[in-house]
Every structure is written in structure tokens, then in C-alpha cells.
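As C-alpha cells, the structure follows; a few thoughts come after it.
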Amino acid sequence: MEHPLHIYNTADRKKEQFIPLHSPFAGMYVCGPTVYGDPHLGHARPAITFDILFRYLSHVGYKVRYVRNITDVGHLENDADQGEDKIAKKARLEQLEPMEVVQYYLNRYRTAMEALNVLPPSIEPHASGHIIEQIRMVKEILDNGYAYESKGSVYFDVEKYNQKYHYGKLSGRNIEDMLNTTRELDGQEEKRNSVDFALWKKASPEHIMRWPSPWSDGFPGWHLECSAMSKKYLGDVFDIHGGGMDLIFPHHECEIAQSVAAGGKETVRYWMHNNMITINGQKMGKSLGNFITLEELFLGKHALLEQAYSPMTIRFFILQAQYRSTLDFSNEALQAAEKGLGRILEAFDNINKIPVSQQSSADIKTLKQQCYDAMNDDLNTPIAISHLFEAVRQINSALAGQITMTTEDISELQTVFQTFLVDIMGIKNEVKDGNAAYESFAKAVDMLLGMRMQAKLNKDWATSDKIRNELTALGFEIKDTKDGFEWKLNK
RNA sequence: GGUUCCUUGGCCGAGUGGCUAGGCACCGGUCUGCAAAACCGUCUACGGCGGUUCGAAUCCGCCAGGAACCUCCA
């Protein structure tokens, strides 16, 4: 490859060339959702970001194993030790078996991801299905002396670990600062140190999610599942670990500490973190209650939404920002994405209508390489999209007869759009793709517009405008061309 | 308070020393029965104040404003 992929590694805060440990294989682990609520716009960002990475790595020839976990136990409601398990709380509130809660929201998550054209990962392990692995890891950490048991629970000994290693290296913190700034919390008497975190928690009598262990009937700490499952499916050392920036501390910091404490070495070679989606400049999140669920976006059912936004509009909106930048939600920005996406899809659709010429006055020789360069530069999708828009202008110019293209030009455009827009960025035409009835439907519209053509020939503007206006009101965009008409359905 | 980071034209967003993306909106033109779309053109910005440099949105300092993390959150 001329311009190999570089990705930004949070661990040393710079872009580095991506060289997998065992080429042509590449392994990636991404922190998935805690399934206790409907997926919201914030969940779409990492899902799409790492979907792009998954698709791109596959495209350039790697055999990728993509693991994204499902957190269905251990993620506590308040602080790491005293809060109620998120799943268990939801189950109590809704009077359901915890696994019913998990299944219900997992189904909804998957439906939303499918709508966004996010490919399913290679493996989606559940934390609750890997209790044995997690218990084994706790034992290893205990055996190595970096954890201690206290009243049936097991805690990671951060201070001891920090004597030999650096707890806080990923987030750029040091233990002294944390000791000074960590609030006094209730119920910390079990821990030697306020910065220690739970590896295993003894379940209180009313706690329903519990498993037997050498220390107590209880459940694993939140950070443990990712360490245990990434190791199981990707090995002691693997290439990429991703997630939202808000997980850097403490979650990923703890993962590093657990893995090093258990196995003596760091497991992750490249840490990648997507930035947040903001709303009025503030992080969109569950705790702030300022989130909009994906279903609400798709249906336009939320007080902040002026209209519905299709899944592809959401996807395109997210791809128009680099994944490490914050992205601010607004109706105006979403509407701009919707319009831009429509323009790009229409041009893609029209490539095969470009008249073939012997001479080329188009400039598309560098297009493909420019797109690769953009993707290779830490997945810079907005730049890749900007190159596609340059191509859109050329496609439209060729259709308008202002520039000429050869067969080679046209087929190159087809290839580039198919590769980057469809295969890598995962954009599809929601109206047409996978719609078996589309052809019949399209012919019916053609028939109506044929009748309008006849009315126009008769200078019957009343009938002509009536057909056009009513179709427009239904969401169609009607265009008269010099020898006919064109239409599309705006979603 | 600590750590990390951000501030680009009406809006969204790229861009890490010179060649000053892209989208949306707006305005003017071409085309059209009228439109729409398209094309062409216009608008050319980098929070403030200093500094480094032949040259800075881009490097350094100070100031102002904002955010994330430090407790669950993608």
C-alpha cells in the first residue's frame, strides 16, 4: 500500500501507522452497550465509527475479527461499589426477570443498528455468559498480589499496582491526584483505598443476579468483562480496542491494570476513542436526560425534532464529522446532512446516464487515491465525502453536457462510489435498496408523469401542475428535462 | 480544585507554517410555460491580545469563553 492506514492511538496521543500483530489478521474489541434502555443518538457514534473501521480494514484486505460485548451484568447505577446494578434496577422497576430486560433492549439495539446499516460484529459476547472466565481472572490477579478479598468482595489494589506500573497512563492521570480528588463515598470501609475498584462484588440478599464464586455468591465488577472477553476471543495481545472517550477513565484504565496484573503485560496495541455527540454544546447522555433515542429520530417523535430523520441521514450526519471531534446535534445540521446525502445518492444513481465521449475533459484520475488518502488518515470520512462531492459536481456537469467523459471515466466513478460510499461508508439508498416492490411502484409514478407530459404537450398547465404539485406534496421531486422528466422520492 | 481538550464564515464541519476543503442556507445569472433540479458566479472565516517567522487559522505565551473525565453514561 502506498499510503498505509494511520490511526490515532489514545495511548500516546498521536497518529501511528496501523500494523497488525498477525497480518493478514486483525483483531478489534469495542465496548458495546449496557442493555437497560433504548439506544440513543450517542450509541450510534461508536457503532458507526467502528463499523467504518471494520469495513475499511476488511476492504484493504485484512481478515478482521470484530468483538463487541453486551454488558448485561455488573454495570452499577451509582458509584462503582454502592450502586444498584443497572439491569437489576430496570428489572425491579418493570417487574421482569433481568434477562428479559436484556433481551428486550438488545433486540431494540440490534434493530436500530440494522437500520443504520451497521454490520453485526464477528462475536457479541455477553458478560453474563463469561462468569467463569472472569472468576479465573480475579484469581490470577489475586495470585499475583494485586487484589485483596474483603467481606466476600474482591478489590483491585491500585496503590500496590502503581508501585510497579503506572495506573492512569492512558488518561494521563497519576494516583496522587486521584487520591486528592476522589470524593468520600459511603460504604468504602471495605476498601483499603478509595481508588480501588471492585473485581467481584458480594451480592446482597435481595440481589437477584448472582453466581457462586470462591469468595461469595455475587457478580463481577464492570471493568472485568472486557478484559476477560477480549482475552478469550482475541488473545493475550491484540490490535485495537475502541470505545467512547468517556470510557477512557476509569473503564479502560482499569482494563489495562487488570490485564497487566493478571498477565504481566499490556494487551492492547492501539486504543481508539470516538468523541461525544453534543446537544446545545453538552454531552448527550443518559444521566443528563438530554438524549434522543434513535427510534425517536427515525419517527420524528421528540420535542426537539422538527421532522423525522432517516437512518441514513443519521449515518451521513455522523460521517460528516471526524470521529474524534465532538459533533453537535441540531435540526439545521441534520437537514443539511439530509439534503447533501440526497444529492450524492442521486448523482451516484445517474452515473450510468452520462453520455459517453471519446474525449475526456473530466478530472477524476486522482479521485480514488484522494479517498484512500482520507481514509488512511485516521478515517477522515468528512474529507473522503468532500472528494465525493467534487465528483458529484463533475457527474452533474457531464449530465448537463458541460464536460465530457470516456467509458473509463464513467466506470471509474462507478467503482469509486461503490467502494467508498456503499462498501466502506455503508451508505445505501433507503428507498430502492431491498425494496422488492420498487419497480412496480416506479412504473406507476412513470405512468402518472407520462400523463403529465401529454398534458404539457397540450399546454394544459392546470392538469400538468396538478399532477406535479400533488406528487410533490407526497414527497416526490419532479424535474423536467429537455426530452422528458425525472423524479425521485425524498425520504 | 486536578487531568485532558476545544473555540473556523448565517449553520454544520475539514484543515498543524505559504497553494486559504466540502455540505447546507442566502443572493445573482443560465435553463424552464411556470417551477424544481442542475450548472456558473457572489459571500472567503479562523475567540481576544502579544510573540516566533520572510510568512500563522496552523508554533509559543497570556486572557476570555466552553466541554469531557475525576461517580453511571457511547
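First the proteins, then the strands, lettered A, B, ... as listed; each starts at 1. Since the model is a prediction, treat every value here as computed from it, not as a measurement.
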Quiz item: Base, sugar-phosphate, or nothing for A:His40, non-hydrogen atoms under 4.0 angstrom?
Solution: base

Exercise. May I ask you to say whether A:Asp480 pairs ionically with A:Lys456, meaning some side-chain N is under 4.0 Å from a carboxylate O?
Key: yes

Quiz item: A:Arg452 side chain N/O closer than 4.0 Å to the phosphate oxygens (OP1, OP2) of B:rA35?
Solution: no

Self-check item: Pairwise P distance, B:rC27 and B:rA37 [rounded to whole Å]
Solution: 12 Å

Exercise. For A:Leu399, report the nucleic acid contact type (base, sugar-phosphate, nothing); a contact means any heavy atom under 4.0 Å.
Key: nothing

Quiz item: Given atom CD1 of A:Ile175 and atom C1' of B:rU3, what is their separation to the nearest angstrom?
Solution: 15 Å

Exercise. Return the value, rounded to whole Å, for the distance between atom CD of A:Glu306 and atom C1' of B:rC11.
Key: 12 Å

Quiz item: Taking N and O atoms by type only, does the side chain of A:Asn469 place a donor or acceptor under 3.5 Å from a partner on the base of B:rC34?
Solution: no

Quiz item: Expressed in whole Å, how much space separates the P atoms belonging to B:rC60 and B:rC5?
Solution: 11 Å

Quiz item: Once you round it to whole Å, what is the distance between C1' of B:rC26 and CD of A:Glu332?
Solution: 12 Å

Quiz item: Taking the same atom, P, in B:rG15 and in B:rC54, what whole-Å distance lies between them?
Solution: 29 Å

Practice problem: Would you tell me if any nitrogen or oxygen in the side chain of A:Lys488 comes within less than 4.0 Å of OP1 or OP2 on B:rA37? | Solution: no

Self-check item: Euclidean distance for C1', B:rC62 against B:rG22 (whole angstrom)
Solution: 35 Å

Quiz item: Any side-chain N or O of A:Asn380 under 4.0 Å from OP1/OP2 of B:rA14?
Solution: no

Quiz item: Is there a side-chain polar atom (N or O) of A:Arg343 under 4.0 Å from OP1 or OP2 of B:rG22?
Solution: no

Quiz item: For A:Ala321 and A:Gly285, take the nucleotide of RNA chain B holding the closest heavy atom to each; which residue's nucleotide lies nearer the 5' end?
Solution: A:Ala321

Self-check item: Side chain of A:Glu390 (C-beta onward), nearest among B:rA21, B:rA38, B:rG23
Solution: B:rA21

Quiz item: Any N or O donor-acceptor pair linking the side chain of A:Arg393 to the base of B:rC39 at under 3.5 Å?
Solution: no

Quiz item: Hey, does A:Thr326 reach any base, or is it just sugar-phosphate, or nothing, if we go heavy atoms under 4.0 Å?
Solution: sugar-phosphate

Self-check item: C1' atoms of B:rG18 and B:rU4, separation to the nearest Å
Solution: 31 Å

Quiz item: Looking across every strand, which nucleic acid part, if any, lies under 4.0 Å from A:Ser325 by heavy atom: base, sugar-phosphate, or nothing?
Solution: sugar-phosphate

Quiz item: With A:Lys202, which residues qualify under salt bridge (Lys or Arg N to Asp or Glu O under 4.0 Å), at least two apart?
Solution: none

Exercise. Could you tell me whether A:Asp480 contacts a base, only the sugar-phosphate backbone, or nothing, with contacts defined as non-hydrogen atoms closer than 4.0 Å?
Key: base

Quiz prompt | Geometric cation-pi criterion, A:Lys90 with A:Tyr104: 6.0 Å, 45° | solution = no

Quiz item: Are A:Arg173 and A:Glu253 ion-paired here, with the side-chain N under 4.0 Å from a carboxylate O?
Solution: no

Quiz item: Within 45° of the ring axis of A:Phe50 and under 6.0 Å from its six-membered ring centre, is that where the NZ or CZ of A:Arg68 lies?
Solution: no

Quiz item: Can you tell me how far C1' of B:rU32 sits from CG of A:Asp465, to the nearest Å?
Solution: 12 Å

Practice problem: For A:Met276, report the nucleic acid contact type (base, sugar-phosphate, nothing); a contact means any heavy atom under 4.0 Å. | Solution: base

Quiz item: How do A:Gly42 and A:Asp328 order along RNA chain B: which one's closest nucleotide is nearer the 5' end?
Solution: A:Asp328

Self-check item: Strand partner of B:rC49, provided both Watson-Crick or wobble distances fall under 3.5 Å
Solution: B:rG61

Quiz item: Regarding A:Asn376 and A:Tyr56, is there a side-chain donor-to-acceptor distance under 3.5 Å anywhere?
Solution: yes

Exercise. Please determine if a side-chain N or O atom of A:Asn275 lies less than 4.0 Å away from the OP1 or OP2 oxygen of B:rC6.
Key: no

Quiz item: Atom CD of A:Glu486 to atom C1' of B:rA35: distance rounded to whole Å?
Solution: 15 Å

Quiz item: Between the base of B:rG33 and the side chain of A:Asp460, is there any donor-acceptor pair under 3.5 Å?
Solution: no

Self-check item: Separation between NZ of A:Lys86 and CH2 of A:Trp222, rounded to the nearest 0.5 Å
Solution: 8.0 Å

Quiz item: Is there a donor and acceptor pair closer than 3.5 Å between the side chain of A:Arg468 and the base of B:rA35?
Solution: yes

Quiz item: Once you round it to whole Å, what is the distance between P of B:rC70 and NE2 of A:His252?
Solution: 13 Å

Self-check item: OG on A:Ser464 to CG on A:Leu449, rounded to 0.5 Å
Solution: 9.5 Å

Self-check item: Face-to-face contact A:Trp461 to B:rG33 six-ring, under 5.5 Å, under 30°
Solution: yes

Quiz item: Under 4.0 Å between a Lys/Arg side-chain N and an Asp/Glu carboxylate O for A:Glu114 and A:Arg110?
Solution: no

Quiz item: If you check the A:Ala336 side chain, which of B:rA74, B:rU4, B:rC24 turns out closest?
Solution: B:rC24

Quiz item: When we call it a touch if two heavy atoms are under 4.0 Å apart, what does A:Gly281 touch: a base, just sugar-phosphate, or nothing?
Solution: sugar-phosphate

Quiz item: B:rC24 pairs with which nucleotide, Watson-Crick or G-U wobble, both distances below 3.5 Å?
Solution: B:rG10

Exercise. Would you mind classifying the nucleic acid contact of A:Gln335 as base, sugar-phosphate or nothing, using non-hydrogen atoms under 4.0 angstrom?
Key: nothing

Quiz item: Base, sugar-phosphate alone, or nothing: which one does A:Leu247 contact when heavy atoms must sit under 4.0 Å apart?
Solution: sugar-phosphate

Practice problem: Using the P atom as the reference point in each nucleotide, state the distance between B:rC49 and B:rU3 in Å, no decimals. | Solution: 29 Å

Quiz item: Quick one: is A:Lys339 getting a side-chain N or O under 4.0 Å of the B:rC12 phosphate, OP1 or OP2?
Solution: no

Quiz item: Please give, in whole Å, the distance from B:rG23 P to A:Ile383 CD1?
Solution: 12 Å

Exercise. Taking atom P in both B:rC69 and B:rA56, compute the distance separating them and give it to the nearest angstrom.
Key: 37 Å

Quiz item: Given atom CG of A:Asn274 and atom P of B:rC69, what is their separation to the nearest angstrom?
Solution: 13 Å

Quiz item: So, does the side chain of A:Ser386 form a donor-acceptor pair with the base of B:rG13 at under 3.5 Å?
Solution: no

Quiz item: Using the P atom in both, what is the distance from B:rA68 to B:rG28, to the nearest Å?
Solution: 42 Å

Quiz item: What is the base-pairing partner of B:rC39, counting Watson-Crick and G-U wobble geometry with both distances under 3.5 Å?
Solution: B:rG29

Self-check item: Any-strand Watson-Crick or G-U partner of B:rU3, both distances under 3.5 Å
Solution: B:rA68

Exercise. Under a 3.5 Å limit for both distances, which nucleotide forms a Watson-Crick or G-U wobble pair with B:rA56, could you say?
Key: none

